[in-house]
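Side chains are part of it too, since the values below use all heavy atoms of this structure and drop only hydrogens, waters and symmetry mates.
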Amino acid sequence: MTNMTDKIRVAVMYGGKADEHPISCISVANVLRALDTDRFEPVLIGITRDGQWIVDGDDPRDWDLDKGLPEVLRTAGSRDVVLSIGEGQDGFHARNADGTLESLGHIDVVLPVLHGPNGEDGTIQGLFEMMQVPYVGCGVLASAACMDKHYTKVLLASAGIAVAPGITLDTRKYDAATRFAHDGEAFLDLVHEAGLEYPLFVKPSRAGSSFGVTKVERADDPEALAAAVYEASLHDWRVLVEQGIDAREIECAVLRPRSTDAPRASLPGEIVLDKHDEDQFYDFDSKYMDAQASHVEVPAHIPDDLIEEVRSVALRAFEAVDGTGLSRVDTFVTPGGEVMVNEINTMPGFTPISMYPKAWGATGIGYGELITALLEGALA
């Protein structure tokens, strides 16, 4: 089946099984409001928390962060999505109540507004590659590598890009049944062997939006360290223990709509914490639930030479992982002017408070123009 209209038909996907499910929902609401509907016709495909793909559910454009965290739910009129891999761009179908399949029409391009595992980790990108369906964002390798913070650091370090000192734990080797109560000393030995300084940040290797992240401030406290490792292990068996860096966290948006384009870096921005509790860091609540906890400043208030250094490092990091489409590169800028990469987010949030669209807005590319550029690039 071919597209019989003049509009480009975009399968917009959102939700998913990851912890970031509600953030995906808020992001897609804003993407749809900014979409140029004179040129693009969205086909809305939601993914429930248990992994069911549906159409004809609640309209995401009605969702708003001020009303709470939304969720993709099956409704009375919802239909399952059925894919026919061999049909490629014509392989998207919905199952009717009587069991018959109805085509969703020709899909020109997919916009996967999905975060975390099964959406941002190369798996769904591999599916679209097999179907030969164009899609927005990084490819399989970059998506998989950047979803896993351990391998992100391996790739960046091999490219000569500074990263935070740390160790990686395989928690499958320890006793999760006791919440690692007897493994704290072993964890401490590894921290001492690596020469890590406190505070430590313990985080799952493959998770986003600060899920499962704990700050450990008391040195040589096996119970606190074991508890932090256990919390992270609830999200991923691979756990990173990183040395806290005395630095400002500066984020830079990178854009390469076409794989043949030279990547561009936005003016970098900074998330400024407005609450200064002793143990405060930029966790999930600070990001999304507490409007008084932080605000975004773009450009970041750092010297011009550091602005350009952050942009340069962001571009080098993006190319080191073979990035395409878009990414947000999060860096640490130390008091001495060193720029280190913390992580790379290959499908950054598009919520009203998200850095990626704000950074490009400050650099001269509006929200709607940004979405258009990404879709056109994927189709090129």
Write out all pairs satisfying salt bridge (Lys or Arg N to Asp or Glu O under 4.0 Å) with one or both partners inside [range], taking only residues at least two apart or from two chains.
range            : value
residues 120-142 : none
residues 159-182 : D170-R172
residues 347-374 : none
residues 24-38   : none

Closest non-hydrogen atom pair between [X] and [Y], with its separation:
X    : Y    : result
R264 : W360 : O-CZ2, 3.5 Å
G15  : C25  : CA-SG, 4.2 Å
V136 : M347 : O-CE, 4.3 Å
P299 : I307 : CB-CD1, 4.3 Å
L379 : D108 : CD2-O, 3.3 Å

Test of understanding: with side chain to side chain donor-acceptor pair (under 3.5 Å), list the residues that count as partners of [X], not counting sequence neighbours.
X    : result
Y14  : none
D56  : R79
D62  : none
E319 : none

Gap separating the [atom1] atom of [X] from the [atom2] atom of [Y], nearest 0.5 angstrom:
X    : Y    : atom1 : atom2 : answer
T168 : L190 : OG1   : CG    : 11.0 Å
N30  : R61  : CG    : CZ    : 12.5 Å
I250 : H301 : CD1   : NE2   : 10.0 Å

query: Sequence neighbours excluded, which residues qualify as side chain to side chain contact (heavy atoms under 4.5 Å, CB included) partners of T48?
result: D50, Q52, I54, V72

task: Could I get the full list of side chain to side chain contact (heavy atoms under 4.5 Å, CB included) partners for D330, not counting sequence neighbours?
output: E251, R328, N342, E343

Would you give me the side-chain donor-acceptor pairs under 3.5 Å for residues 139-148, sequence neighbours excluded?
{"from": "S143", "atom 1": "OG", "to": "C138", "atom 2": "O", "distance (Å)": "3.2"}
{"from": "S143", "atom 1": "OG", "to": "G139", "atom 2": "O", "distance (Å)": "2.7"}
{"from": "D148", "atom 1": "OD1", "to": "H150", "atom 2": "N", "distance (Å)": "3.1"}
{"from": "D148", "atom 1": "OD1", "to": "S205", "atom 2": "OG", "distance (Å)": "2.4"}
{"from": "D148", "atom 1": "OD2", "to": "R238", "atom 2": "NE", "distance (Å)": "3.2"}
{"from": "D148", "atom 1": "OD2", "to": "R238", "atom 2": "NH2", "distance (Å)": "2.5"}

message: Run the salt bridge (Lys or Arg N to Asp or Glu O under 4.0 Å) test on D236 and K203 for me, step by step, so that the C-alpha distance in whole Å, both residues' side-chain angles and the decisive distance to 0.1 Å come before the verdict.
response: CA-CA 9 Å; D236 187 9; K203 61 184 73 172; over 6 Å; no

- request: Give the intermediate values and the outcome of side-chain contact (heavy atoms from CB on, under 4.5 Å) for residues F40 and T372.
  value: CA-CA 9 Å; F40 302 104; T372 294; 3.8 Å; yes

field: From CA spacing to verdict: side-chain contact (heavy atoms from CB on, under 4.5 Å), V229, T171
entry: CA-CA 8 Å; V229 172; T171 60; 3.8 Å; yes

Worked verdict on I344 versus L156 for side-chain contact (heavy atoms from CB on, under 4.5 Å): CA-CA 10 Å; I344 301 173; L156 295 177; 4.2 Å; yes

Any side-chain donor near an acceptor of the partner, S24 and S27, under 3.5 Å: no

task: Could you name each residue pair satisfying ring pair (Phe, Tyr, Trp, His ring centres under 6.0 Å) that touches residues 317-354, not counting sequence neighbours?
output: F350-Y356, F350-Y367

query: Does CD in E71 sit with more than 12 non-hydrogen atoms of other residues, nucleotides or ligands closer than 6.0 Å?
result: yes

- request: Decide if atom CD of E197 counts as having more than 12 heavy atoms of other residues, nucleotides or ligands within a radius under 6.0 Å.
  value: no

